[in-house]
Each structure stands twice: as structure tokens, then as C-alpha cells.
K.L.:
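After the C-alpha cells below, expect a handful of questions from me.
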Amino acid sequence: MATVVHLPDDVAAVVAERADERGVTVTQFICELVERADRRRALEAFIGGADVPVHEPFDIHRAREQLADELLGEHDALLRLTNS
């Protein structure tokens with residue numbers, strides 16, 4: 001299935017630049033972004049499943065976002081190493 005997405009010129013330029021940096025097509029790059037977003041949502045849902053007592057103010061939503069970003073960053077770094 002093909003879908004046309006109209007992006008502002010400045011956004012399209014950044015997407016094209018990032019795709020080129022990764023050595024993939026714009027379509028592949030956008031697919032990677034969508035897959036990453038799906039993985040992030042799944043990680044956030046899993047991370048919030050623990051029952052740990054906390055004795056200070058704590059923002060679970062922000063903590064889940066930060067941990068998901070860290071884990072996905074580590075995953076991406078490993079992928080870059082294996083693709084090098």
C-alpha cells in the first residue's frame with residue numbers, strides 16, 4: 001500500500017538528510033521511525049508494570065519515557081555496531 005505524505009519543505013529536508021546519514025531511503029527511514037515509536041509504546045507499557053514503593057515525589061510517566069528512550073538508544077547503538 002502506498003501513501004503520499006505532504007511535509008513542509010524544511011521537515012522534508014531534515015527527513016531526507018537523516019535518511020542519507022543512515023544510508024537508507026526516505027521511505028525506509030520513515031518506516032524505522034514508525035517501528036521505533038511502536039517499540040517505545042510497548043516498552044513504556046511494560047516498564048510501568050512493576051510495583052515498587054517510592055518514598056519521594058515521582059512522575060511515573062516521565063520515568064517510563066526516559067527509560068524507554070535509554071533502552072532504545074542502547075538498542076540503536078548495538079544495531080549501528082553490528083551494521084558497521
Side-chain angles (χ1 to χ4, degrees):
M1 177 175 134
T3 301
V4 176
V5 178
H6 299 280
L7 300 173
D9 291 340
D10 58 330
V11 174
V14 171
V15 169
E17 182 181 327
R18 297 292 187 269
D20 188 52
E21 289 172 359
R22 294 179 64 88
V24 297
T25 67
V26 169
T27 300
Q28 290 169 322
F29 180 69
I30 291 172
C31 288
E32 288 177 7
L33 290 176
V34 170
E35 290 170 4
R36 181 182 171 102
D38 287 343
R39 290 193 319 260
R40 186 171 191 262
R41 277 193 295 278
L43 269 174
E44 285 182 31
F46 174 75
I47 292 167
D51 183 16
V52 179
V54 176
H55 304 289
E56 59 188 54
F58 185 71
D59 183 349
I60 186 67
H61 300 295
R62 184 69 192 130
R64 289 168 53 185
E65 289 173 356
Q66 289 173 338
L67 186 52
D69 287 341
E70 288 176 28
L71 291 172
L72 289 173
E74 291 173 11
H75 179 261
D76 289 346
L78 289 172
L79 285 178
R80 283 192 294 276
L81 286 174
T82 59
N83 291 332
S84 298

K.L.:
First locate atom CG of D20, then atom OG1 of T25, and finally report the distance between them rounded to the nearest 0.5 Å.
P.N.:
11.0 Å

K.L.:
Taking only residues two or more places apart in sequence, or in another chain, which ones meet R18 in a side chain to side chain donor-acceptor pair (under 3.5 Å)?
P.N.:
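Testing R18 for side chain to side chain donor-acceptor pair (under 3.5 Å), a comparison that skips the adjacent residues, returns none.
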
K.L.:
In terms of hydrophobic clustering (I, L, V, M, F, W, Y; side-chain heavy atoms under 4.5 Å; direct or indirect links), are L72 and L33 co-clustered?
P.N.:
no

K.L.:
Side chains of E32 and V34: does their closest heavy-atom pair fall under 4.5 Å?
P.N.:
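With C-beta onward as the side chain, the pair stays apart.
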
K.L.:
I need the E17 CD to R22 CZ distance, nearest 0.5 Å.
P.N.:
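Answer rounded to 0.5 Å: 13.5 Å.
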
K.L.:
Are V5 and V14 connected in a single hydrophobic cluster, I mean Ile/Leu/Val/Met/Phe/Trp/Tyr linked by side-chain heavy atoms less than 4.5 Å apart?
P.N.:
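Different hydrophobic clusters.
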
K.L.:
If you count the non-hydrogen atoms of other residues, nucleotides and ligands that lie under 6.0 Å from CG in D9, is the total more than 12?
P.N.:
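For D9, atom CG is not crowded (no more than 12 foreign heavy atoms under 6.0 Å).
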
